[in-house]
Amino acid sequence: MSKRFSSAVIAMVVLFVLATTSFAATTETFYGGYSNVATKGSIVVELTNISSKKNVILSETEAEVYFDDPTETLNMVVAYDYDEDEEITVRDILEYYNNNGGVPTYYADTAPVVVTAKTALSTFYFCYKGDIPATYEPKFYSFEEYVYDFENKQTYTEPPEDWLLADGTSATLSEPGKYFFIFVDDGLVSSSFPGIFCLHIGDTPSETPVPVELTKITVNPTTSKVLVNGKIVEFEAYNINGYNYFKLRDLAQAVNNTEKNFEVTWDAANNAINLISNKPYTPSGGELAKGDGKAKVAILTTSKIYKDGREIFLTAYNINGNNYFKLRDVAKTFDIGVTWDGATNTIGIDTSISYVE
């Protein structure tokens with residue numbers, strides 16, 4: 001059995017939640033889709049009455065416990081990747097999550113569990129095996145009002161001609177069972193990816209969840225030349241999923257004593273990286289050391305990141321004990337200009353200009 005509500009506006013999305021936790025029953029929040037320094041995710045969903053959660057590497061065979069027709073569900077098209085000009089299926093989303101630490105799986109000792117969208121969505125889909133009663137309560141926005149008159153948009157109980165699902169859309173699950181959820185955000189950001197999670201009611205893990213080993217990926221060195229304010233600087237940088245990731249402390253050193261310099265400190269007690277604007281960087285040793293040109297193993301960084309005391313959300317990878325950040329994320333955070341010259345394969349970092357998307 002499945003419940004699916006999706007609008008005509010479907011886009012591609014990005015992700016991410018990689019925590020493993022055990023706690024007394026409480027409300028938990030899932031984040032997915034597009035994220036940047038200002039938002040943790042363009043998909044935000046709350047779940048009530050949750051007692052524990054962990055990330056699970058879920059094979060297609062293991063996923064069959066959620067589907068009446070596994071083949072049909074796994075091949076179901078959920079979104080479209082306009083950059084690659086290809087459809088995104090449930091199988092694609094499952095593979096993506098498995099390659100990035102596993103599928104978030106929430107456990108509730110007892111029903112009911114209420115799953116509520118806290119952001120507008122184009123798709124709110126859930127399924128389960130068999131005939132389990134569930135209550136779905138959709139709310140709608142007019143897409144035209146949402147895009148062109150956001151402050152005055154209305155919430156509707158019946159779908160307008162062109163619509164999005166409004167925040168407040170919910171599903172109430174009143175019986176034990178295993179449920180599979182898929183969400184797609186409002187479609188206004190092209191570089192985003194669908195979000196998924198599993199929910200088990202009355203089926204606690206066989207043991208108390210413990211931290212799982214995050215998925216390791218092999219990454220290759222970036223081959224591009226890098227200019228910092230017009231001068232060649234050698235970085236140990238890596239290409240990850242088509243983006244250039246630079247060692248955070250190398251970037252701080254490279255722009256030190258400029259109008260865009262920033263300090264980096266480490267808070268071991270809170271597993272947190274602190275970034276401080278407009279403050280000279282204090283070297284810790286080893287900055288701008290030349291790499292060996294060989295592929296490395298990268299693991300997603302789980303540390304929290306703060307800029308000037310406020311938590312921000314950036315994707316980072318740990319490579320040989322150092323944190324590597326997407327160049328454009330750091331540049332955007334500190335308003336540093338970044339340019340690309342495809343003819344000469346050259347990346348430009350310019351502290352005298354502002355960041356432009």
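Just the heavy atoms: all of them, side chains too, but no hydrogens, waters or symmetry mates, feed the values below.
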>> Quick one, Phe246 with Tyr238, criterion side-chain contact (heavy atoms from CB on, under 4.5 Å). Give me CA distance, side-chain angles, the key distance, then yes/no.
In response: CA-CA 7 Å; Phe246 285 64; Tyr238 295 88; over 6 Å; no
Is there a donor-acceptor pair closer than 3.5 Å between any side-chain N or O of [X] and the backbone N or O of [Y]?
X: Tyr355; Y: Val338; value: no
X: Asp308; Y: Ser277; value: yes
X: Lys307; Y: Thr333; value: yes
X: Ser224; Y: Thr222; value: no
X: Asn75; Y: Thr71; value: yes
X: Asn244; Y: Asn239; value: no

For [X], enumerate each residue passing the side-chain contact (heavy atoms from CB on, under 4.5 Å) test, keeping only those at least two apart in sequence or located in another chain.
X: Pro159; result: Phe140, Trp163
X: Val56; result: Lys54, Thr105, Tyr107
X: Asn323; result: Ile273, Thr301, Asn318, Phe325

State, with a plain yes or no, whether a side-chain heavy atom of [X] is found less than 4.5 Å away from one of [Y].
X: Ile50; Y: Leu199; answer: yes
X: Thr29; Y: Val44; answer: yes
X: Glu28; Y: Glu46; answer: no
X: Asp85; Y: Tyr80; answer: yes
X: Leu173; Y: Thr135; answer: no

>> Could you walk me through whether Leu248 and Val264 satisfy the side-chain contact (heavy atoms from CB on, under 4.5 Å) test, starting with their C-alpha distance in whole Å, then the side-chain angles of each, then the deciding distance to 0.1 Å, before giving a yes or no?
In response: CA-CA 8 Å; Leu248 179 61; Val264 179; 3.9 Å; yes
Tell me whether [X] shares a hydrophobic cluster with [Y], the cluster being built from Ile, Leu, Val, Met, Phe, Trp, Tyr side chains joined at under 4.5 Å.
X: Leu164; Y: Leu188; answer: yes
X: Val297; Y: Leu300; answer: no
X: Ile353; Y: Val330; answer: no

>> If you count every heavy atom of other residues, nucleotides or ligands that lies below 6.0 Å from Lys326 atom NZ, does the total exceed 12?
In response: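 Correct, the count exceeds 12.
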Tell me the closest heavy-atom pair linking [X] and [Y], and the distance in Å.
X: Leu165; Y: Pro138; value: CD2-CB, 4.1 Å
X: Gly177; Y: Ile132; value: CA-CD1, 4.1 Å
X: Thr48; Y: Pro112; value: OG1-O, 4.4 Å

>> Going by side chain to side chain donor-acceptor pair (under 3.5 Å), name the pairs with one or both residues in residues 165-181, residues two or more places apart or in two chains.
In response: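 Of all non-adjacent pairs touching residues 165-181, those that pass side chain to side chain donor-acceptor pair (under 3.5 Å) are Tyr141-Asp167.
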>> If the test is ring pair (Phe, Tyr, Trp, His ring centres under 6.0 Å), which one of Tyr106, Phe126, Phe67, Tyr128 qualifies with Phe180?
In response: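 Going through the options one by one, the only one that passes is Phe67.
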>> Taking ring pair (Phe, Tyr, Trp, His ring centres under 6.0 Å) as the criterion, tell me which of Tyr97, Tyr66, Tyr31, Phe30 meets it with Phe197.
In response: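 Exactly one option meets the ring pair (Phe, Tyr, Trp, His ring centres under 6.0 Å) with Phe197, and it is Phe30.
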> Excluding sequence neighbours, so at least two apart, what forms ring-ring contact (aromatic ring centres under 6.0 Å, His included) with Tyr306?
Replying inline: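 Scan of Tyr306 (ring-ring contact (aromatic ring centres under 6.0 Å, His included), adjacent residues dropped) gives none.
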Does a donor on one side chain and an acceptor on the other come within less than 3.5 Å for [X] and [Y]?
X: Asn229; Y: Thr351; answer: yes
X: Ser59; Y: Glu62; answer: yes
X: Ser42; Y: Asp185; answer: yes

>> Taking side-chain hydrogen bond (donor to acceptor under 3.5 Å, both in side chains) as the definition, give me every residue that meets it alongside Asn322, ordered by chain and number, with sequence neighbours left out.
In response: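 Result, side-chain hydrogen bond (donor to acceptor under 3.5 Å, both in side chains) vs Asn322: none returned.
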> Is Ile276 isolated, or which residues cluster with it under the ILVMFWY side-chain rule of less than 4.5 Å, directly or via members?
Replying inline: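 None; Ile276 is a cluster of one.
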> Other hydrophobic cluster members with Leu227, side-chain heavy atoms of Ile/Leu/Val/Met/Phe/Trp/Tyr under 4.5 Å, chained?
Replying inline: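 For the cluster that includes Leu227, the remaining residues are Ile232.
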[atom1]-[atom2] distance between [X] and [Y], expressed to the nearest 0.5 angstrom:
X: Tyr146; Y: Lys153; atom1: OH; atom2: NZ; answer: 7.0 Å
X: Ile305; Y: Ile312; atom1: CD1; atom2: CD1; answer: 6.0 Å
X: Cys127; Y: Asp69; atom1: SG; atom2: CG; answer: 11.0 Å
X: Ile196; Y: Leu58; atom1: CD1; atom2: CG; answer: 7.5 Å
X: His200; Y: Ser52; atom1: NE2; atom2: OG; answer: 10.5 Å
X: Tyr324; Y: Ile319; atom1: OH; atom2: CD1; answer: 5.5 Å

Acceptor/donor pairs from residues 286-294 side chains to any protein atom, 3.5 angstrom cut, sequence neighbours excluded:
| residue | atom | partner | partner atom | Å |
| --- | --- | --- | --- | --- |
| Glu287 | OE1 | Gly285 | N | 2.9 |
| Glu287 | OE2 | Tyr281 | OH | 2.5 |
| Glu287 | OE2 | Ser284 | N | 2.7 |
| Glu287 | OE2 | Ser284 | OG | 3.2 |
| Asp292 | OD1 | Lys294 | N | 2.9 |
| Asp292 | OD1 | Lys296 | NZ | 2.6 |
| Asp292 | OD2 | Lys296 | NZ | 3.2 |

Residue pairs involving [range] (criterion salt bridge (charged side-chain N to carboxylate O under 4.0 Å, His left out); sequence neighbours excluded):
range: residues 248-261; value: none
range: residues 133-152; value: none
range: residues 86-105; value: Glu60-Arg91

> Does the pair Ser142 and Gln154 meet the rule for a side-chain hydrogen bond (donor to acceptor under 3.5 Å, both in side chains), with working shown?
Replying inline: CA-CA 7 Å; Ser142 159; Gln154 302 294 311; over 6 Å; no
> Does the side-chain contact (heavy atoms from CB on, under 4.5 Å) test come out yes or no for Asp267 and Thr265, once each step is laid out?
Replying inline: CA-CA 7 Å; Asp267 182 350; Thr265 65; over 6 Å; no
> Are Ile57 and Asn98 close enough, and set up right, to give a side-chain contact (heavy atoms from CB on, under 4.5 Å), and what steps lead you there?
Replying inline: CA-CA 5 Å; Ile57 304 299; Asn98 284 336; 3.9 Å; yes
>> Please determine whether side-chain hydrogen bond (donor to acceptor under 3.5 Å, both in side chains) holds for the pair Thr258 and Asn261, giving the CA-CA distance in whole Å, both sets of side-chain angles, and the decisive distance to 0.1 Å.
In response: CA-CA 5 Å; Thr258 71; Asn261 60 9; 5.7 Å; no
